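Whatever order the structure lists ligands and atoms in, that order sets their numbers, starting from 1. Keep in mind the model is a prediction, meaning the values are calculated, not measured. Sequence positions, counted from 1, serve as the residue numbers for this chain.
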Amino acid sequence: MKLLEHEAKSLLSTYQLPVPRCFIVDSASMEPAFLPCVLKSQVPTGGRGKAGGVKVVNSTKEFHQVAAAMLQLDIKGYKPQVLLAEEVVSIKRELYVSLLIDYSAAAITVMSHPRGGVEVEANNSDDFLQLPLDDLRAASLGLSEHYDLAGQQFALEALLEKLGRAFRTEDALLLEINPLILTTDNQLVIGDSKMEVDNASIFRHPTWQFADKPADVNFVTLNTTGNTATIANGAGLAMATVDSVYNAGLVPANFLDVGGGANEASVLAAFRRIKQFKNVTAIVINIFAGITRCDEIAKAILAARQQITDLPPLYIHLEGTNFEAAAAILSPENITLYASLDDSLAAATEQLA
Ligand code: GDP
Ligand code: MN
């Protein structure tokens, strides 16, 4: 998954990397923590500078005007949920550095360019230098020569060491700093960062909470015009549920395995995806709870009924862990729990007939 700039910078700051002082702005929190500051649109795409997504503001009035406009500004099809506000950095030079994986060498490559910033793509590709990160001393010497910054070799070595540590520890696939700012008082500061981390490593990072984090449910669209949606747990039961829906003469729109760790949020997300199917007039829920807990599913069902308008009728069969707690949550709401999948399908078929 690709991290937003503020997510990447907040991660990088935990490695003592030099990121500017900052605060987050959204429609609920529109007051400047300090001024002047640079407002930066947090959209998952580059080229924000050129599109009006990076602006310096000096007064509270200007802050409010620019922030309100930037929250509404569409950049390459994206509108930001939040803005990043940073202290203004006085720029002497803008450099480029990135770390990427050299799969054939099973190693990390450092790529650099002495002229970073918004025009970096326009640079002649011959001017990019690539070095292995393994030998930090050699890489930092190479970088300081490439940047023509002989006096910064040790600062660059410290920077590369921390970037490399962040890259490995966070299971990154790409880490690009553009611009790496050389300030007028000769400090190196991370101006912008683009970071992508490996989804296959999510299990190693329980603290990751990023906007682009994939939902931990397995959802497969089967038929966009199907009349019956399915929610089940475990791939086997989810497949069997789809088969049973077919056998009952209904047309399943989807396969959905909410997984072992299903919670209210992930099941609610599943309901929202089901709502995309225009022809669905029945949702069949078939849960055999072991690790999954029936009461979590029940809470999600209640939340879905409250939060999603025009939710199709639910045909629910729950068994297993915390069934009684689930029944106690659902029966006061007059939500029927069927004794078997067959019973729930019979009811769904009758309603559709
Ligand atoms: P991008 O266009 O999406 O890559 O956004 P960047 O974060 O790279 O910002 C684009 C440009 O805005 C940078 O290359 C800088 O020239 C400028 N910029 C960003 N932050 C600052 C800052 O703190 N001070 C100043 N003066 N310029 C900045
Ligand atoms: Mn940039």
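Polar contact with ligand 1: present for Lys40 (N/O pair, distance under 3.5 Å). At least one N or O atom of Arg48 sits closer than 3.5 Å to an N or O atom of ligand 1. Geometrically, ligand 1 and Gly191 share no nitrogen or oxygen pair separated by less than 3.5 Å. Considering both main-chain and side-chain atoms, Gly49 comes within under 3.5 Å of ligand 1 through a nitrogen or oxygen pair.
Those atoms of ligand 1 that come under 4.0 Å of a heavy atom in Asn178, given as number and element, are 8 (O). Each of the following atoms of ligand 1 lies closer than 4.0 Å to a heavy atom of Ile91: 25 (C), 26 (N), 27 (N), 28 (C). Every atom of ligand 1 with a heavy atom of Val118 under 4.0 Å away is listed here by number and element: 2 (O), 10 (C), 11 (C), 14 (O). Near Val38, meaning under 4.0 Å from any of its heavy atoms, are these atoms of ligand 1: 22 (C), 23 (O). Listed by number with element, the atoms of ligand 1 under 4.0 Å from a non-hydrogen atom of Glu87 are 23 (O). Residue contact check: Val54 has heavy atoms under 4.0 Å from atoms 5 (O), 9 (O), 12 (O), 19 (C) of ligand 1.
At the top of the distance list for atom 6 (P) of ligand 1, counting protein heavy atoms only, stands Asp192 OD2, 3.5 Å. Among all protein heavy atoms, the one lying closest to atom 16 (O) of ligand 1 is Glu94 OE2, 2.5 Å. Among all protein heavy atoms, the one lying closest to atom 26 (N) of ligand 1 is Val89 O, 3.6 Å.
Checking side-chain atoms of Asp257 against main-chain N and O of Asn233 turns up no donor-acceptor pair under 3.5 Å.
A pairwise comparison of heavy atoms in Lys79 and Gln72 identifies CE-O, 3.1 Å as the closest pair. Leu35 and Ser59 get closest at one heavy-atom pair: CD1-C, 3.6 Å.
Within 6.0 Å of atom CG in Asp148, 12 or fewer heavy atoms from other residues, nucleotides or ligands are found, so the atom counts as exposed in its surroundings. Around CZ of Arg165, the count of heavy atoms belonging to other residues, nucleotides or ligands within 6.0 Å exceeds 12. Within 6.0 Å of atom CD in Gln81, 12 or fewer heavy atoms from other residues, nucleotides or ligands are found, so the atom counts as exposed in its surroundings.
Nearest N/O/S atom of Asp192 relative to the Mn ion (ligand 2): this is OD2.
Lys2 has no carboxylate O lying under 4.0 Å from a charged side-chain N of Glu7, or vice versa, which leaves the two without a salt bridge.
Here Glu86 has no heavy atoms under 4.0 Å from ligand 1, in either its backbone or its side chain.
Contact between Lys194 and ligand 1 is absent, with no heavy atom of the residue lying under 4.0 Å from the ligand.
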Under the side-chain contact (heavy atoms from CB on, under 4.5 Å) criterion, do Phe210 and Leu11 qualify, and how do the steps go?
CA-CA 11 Å; Phe210 303 126; Leu11 207 53; 4.1 Å; yes

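In this structure, Phe219 and Phe277 have parallel ring planes: the angle between them is below the 30° cut-off, well short of the 60° mark.
With 3.5 Å as the limit, one finds a donor-acceptor pair spanning the side chains of Ser112 and His146.
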